[in-house]
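Right, one structure below, let's go through it.
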Amino acid sequence: MGAKAKKALKKNMKKISASAAASSSSRLAVPQNPKPSADFLPLGGGPARKAPVIKTVESKATVLYIGRLPHGFYETEIEAFFTQFGTVKRVRVARNKKTGKSKHFGFIQFEDPEVAEIAAGAMNDYLLLEHMLQVRVIPPEHVKPNLWKGFKCQYKPVDWVQIERKQHNKERTLEEHRKMLNKVVKRDQKRRKRIEAAGIEYQCPELVGNTQPLPKKIKFSED
């Protein structure tokens, strides 16, 4: 091989190496406006689309609704039972204002929102004393400000027997006594008519009443 052939071969080698370096640099270069990668292609055709980004929002709800509470499962029992999940702040059972009896639903508040979510998921549709509990989380915007008003009140059941006893044993005037006897006589007459209409032969006993007023109580002085 002559000197001229060697020089030509070197020139060709330099050109090939320069073109190879240029192509590699163009491949590694980042475009100014890169196209986003598509997550899926629509079935009807058209350009590729990107899947929407769903932002996870942390729940801040700590109040639970508890429905279908069985008889005997009240504030103390609810707090003791749900303490196994975490710290309980407040418990309230809805009660009748007159009788103080449970309406079979209530509310409970935890300190940690995660504990509230776990308790709601574990206790919903839970069979307790033949009652299927209904437990769900209440969003903070749906919690009324007066929800916990008076949640520490101790309700005392109304003693209706004592009330009726006082009403029956109270002192009556002569007029009140006559009205009471007239009601008794009217009820007895209606009962006799119903017996006759039914075709039953029965001789009802006669009513014996006293229209005299009851003796008044005499108070003696301590002297």
Is there a side chain to side chain contact (heavy atoms under 4.5 Å, CB included) between Arg90 and Phe107 once you walk through the steps?
-> CA-CA 8 Å; Arg90 294 179 287 191; Phe107 305 91; over 6 Å; no

Test log, rule side chain to side chain contact (heavy atoms under 4.5 Å, CB included), inputs Tyr202 and Glu196 | CA-CA 8 Å; Tyr202 177 74; Glu196 292 178 359; over 6 Å; no

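Between Phe73 and His131 there is no side-chain heavy-atom pair separated by less than 4.5 Å. Between Arg194 and Arg191 the shortest side-chain heavy-atom distance falls below 4.5 Å. Residues Pro70 and Leu133 meet the side-chain proximity criterion, which asks for heavy atoms closer than 4.5 Å.
The structure places NE2 of His71 at 8.5 Å from NE2 of His104, a figure rounded to the nearest 0.5 Å. In this structure, CD1 on Ile66 lies 11.5 Å from CZ on Arg136, to the nearest 0.5 angstrom. Note that the CD atom of Gln162 and the CH2 atom of Trp160 stand 13.0 Å from one another [nearest 0.5 Å]. Once rounded to the nearest 0.5 Å, the distance linking CZ of Arg192 with CD of Gln203 reads 8.5 Å. In this structure, Met180 CE and Lys183 NZ are separated by 9.5 Å, a value rounded to the nearest 0.5 Å. Here NZ of Lys190 is found 8.0 Å from NZ of Lys186. Values are rounded to the nearest 0.5 Å.
When all heavy atoms are compared, the tightest approach of Ala116 to Ala61 is CB-O, 3.7 Å. Scanning both residues, His177 and Arg172, for their nearest heavy atoms gives N-CB, 4.4 Å. Glu77 approaches Gly72 most closely through the heavy-atom pair CD-O, 3.5 Å. Leu64 and Phe110 get closest at one heavy-atom pair: CD1-CE1, 3.5 Å. Contact record, Gly106 with Leu69: N-CD1, 3.8 Å, taken as the closest heavy-atom pair.
Side-chain contact, Arg68 with Gln134: no donor N or O sits under 3.5 Å from an acceptor N or O.
Remark: side-chain polar atoms of Glu176 are paired, donor with acceptor, to backbone N or O of Thr173 under 3.5 angstrom. Proximity of a side-chain donor or acceptor of Asn124 to a complementary backbone N or O of Ala120 within less than 3.5 Å is not detected. A distance-only check finds no donor-acceptor pair linking the side chain of Arg92 to the backbone of Ile108 [under 3.5 Å].
Each of Val135 and Tyr65 belongs to its own hydrophobic cluster when Ile, Leu, Val, Met, Phe, Trp and Tyr are linked at side-chain heavy-atom distances under 4.5 angstrom. Ile78 and Phe105 end up in different hydrophobic clusters when Ile, Leu, Val, Met, Phe, Trp and Tyr side chains are linked at under 4.5 Å. One hydrophobic cluster, built from ILVMFWY side chains closer than 4.5 Å, cannot hold both Trp148 and Val93; they sit in different ones. When hydrophobic clusters are built by joining Ile, Leu, Val, Met, Phe, Trp and Tyr residues whose side-chain heavy atoms come closer than 4.5 Å, directly or via intermediates, Val91 is not grouped with Ile138. There is no path of hydrophobic side-chain contacts, each under 4.5 Å, that joins Val185 to Ile195.
The environment of OH in Tyr126 is sparse: at most 12 heavy-atom neighbours from other residues, nucleotides or ligands sit within 6.0 Å. The environment of Glu201 atom CD is sparse: at most 12 non-hydrogen atoms of other residues, nucleotides or ligands sit within 6.0 angstrom.
Annotation: cation-pi pair Arg95/Tyr74 present, NZ/CZ under 6.0 Å from the ring centroid and within 45° of its normal.
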